[in-house]
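This report refers to the structure that appears directly beneath it.
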Amino acid sequence: MKTKGILVMYIMLCLSQQAIHSQKLRNKILKSMVPIETSFSSIEQERKILLDQLASRIYKENRVNENAGLVFIDSNNKTKSQLAAIWLKTGLIKYELGGYNLQSAGIKVASEPLHALATLKQYGFKVSNASDKKLYSYNINFGSDSWNVYYKDLSSLRNLEKSLKVFVEDNLEMADDPMQVYVPLDSPETIAKEMLYIASRINYLTQSQKQNEL
């Protein structure tokens, strides 16, 4: 039985890795990422330390628990949390890093269109209204596939206690929980840069671990 369980886990891991390897970003998105990545040097050192710490925490939680949950949280799931999840997913796809379960949520949810998603179009994403019945639901096409994006209330998420919760806005009430961190985010442009930087650091940690295992 133990051998069977290990085999099932191995198959699930292989399928997860196969899924991420089959995901490809549109060329326009890849090209738009180049000037963003060359601007990593403009991130202030103190801020880099904070982002490095978050990248390390995300990587370590994933090592402990494959498909560990990661939730970006703001007041209404309208802008910062949504863009943070989208841009970190984008960076992870570029580096072919699988096994990361990313979500975004709000303490409460807004009841208006997600205008912030329009900022993604200039980078090559295709944003369209989703055909499902959820109010203000969108498809974000990044190339080989799409993400379905809509408002999510924090209380509606499952297995939240096992997820790393990243609060990205000021003045949010945080409980005394070791699985919570505070990393305030700024403008859509800055969010793109910082999430791609975090993805690059996760990739560095991943490649370093692979080298150590040789």
Donor-acceptor under 3.5 Å (Ser137 side chain, Lys134 main chain): no
Side-chain ion pair, Glu61 and Arg57, N-O less than 4.0 Å: yes
Non-neighbouring partners of Asp177 that pass salt bridge (charged side-chain N to carboxylate O under 4.0 Å, His left out), sequence neighbours left out: Lys165
Test item: Ser144 side-chain N/O and Lys24 main-chain N/O as donor-acceptor pair under 3.5 Å: yes
Between Thr190 and Ser187: side-chain donor-acceptor atoms closer than 3.5 Å: yes
From CG (Asn148) to OH (Tyr138), nearest 0.5 Å: 11.5 Å
Selection residues 69-86 - residue pairs positive for salt bridge (charged side-chain N to carboxylate O under 4.0 Å, His left out), sequence neighbours left out: Lys78-Glu112
Qualifying residues under side chain to side chain donor-acceptor pair (under 3.5 Å), relative to Asp170, sequence neighbours excluded: Tyr182
With Ser104 via side chain to side chain donor-acceptor pair (under 3.5 Å) - residues at least two apart: Asn77, Gln82
Asn62 side-chain N/O to Ile58 backbone N/O, donor-acceptor pair under 3.5 Å: no
Ring pair (Phe, Tyr, Trp, His ring centres under 6.0 Å) involving Tyr197 - partner list, sequence neighbours excluded: Phe40
Non-neighbouring partners of Asp52 that pass salt bridge (charged side-chain N to carboxylate O under 4.0 Å, His left out), sequence neighbours left out: Arg201
N/O donor-acceptor pairs under 3.5 Å from side chains in residues 114-123, not counting sequence neighbours:
from	atom 1	to	atom 2	distance (Å)
Thr119	OG1	Ala116	O	2.7
Gln122	NE2	Thr119	O	3.2

With sequence neighbours excluded, residues passing salt bridge (charged side-chain N to carboxylate O under 4.0 Å, His left out) with Glu213: Arg63
Salt bridge (charged side-chain N to carboxylate O under 4.0 Å, His left out) contacts touching residues 182-194 (sequence neighbours left out): Arg47-Glu194
Summary of ring pair (Phe, Tyr, Trp, His ring centres under 6.0 Å) pairs that have at least one residue in residues 161-180, sequence neighbours excluded: none
With sequence neighbours excluded, residues passing salt bridge (charged side-chain N to carboxylate O under 4.0 Å, His left out) with Glu37: Lys94
Counterpart residues, ring pair (Phe, Tyr, Trp, His ring centres under 6.0 Å), relative to Tyr151 (two or more places apart): none
Whether Ser156 side chain and Lys152 backbone form a donor-acceptor pair below 3.5 Å: no
Linked, directly or transitively: Met174 and Leu54 (ILVMFWY side chains, under 4.5 Å): no
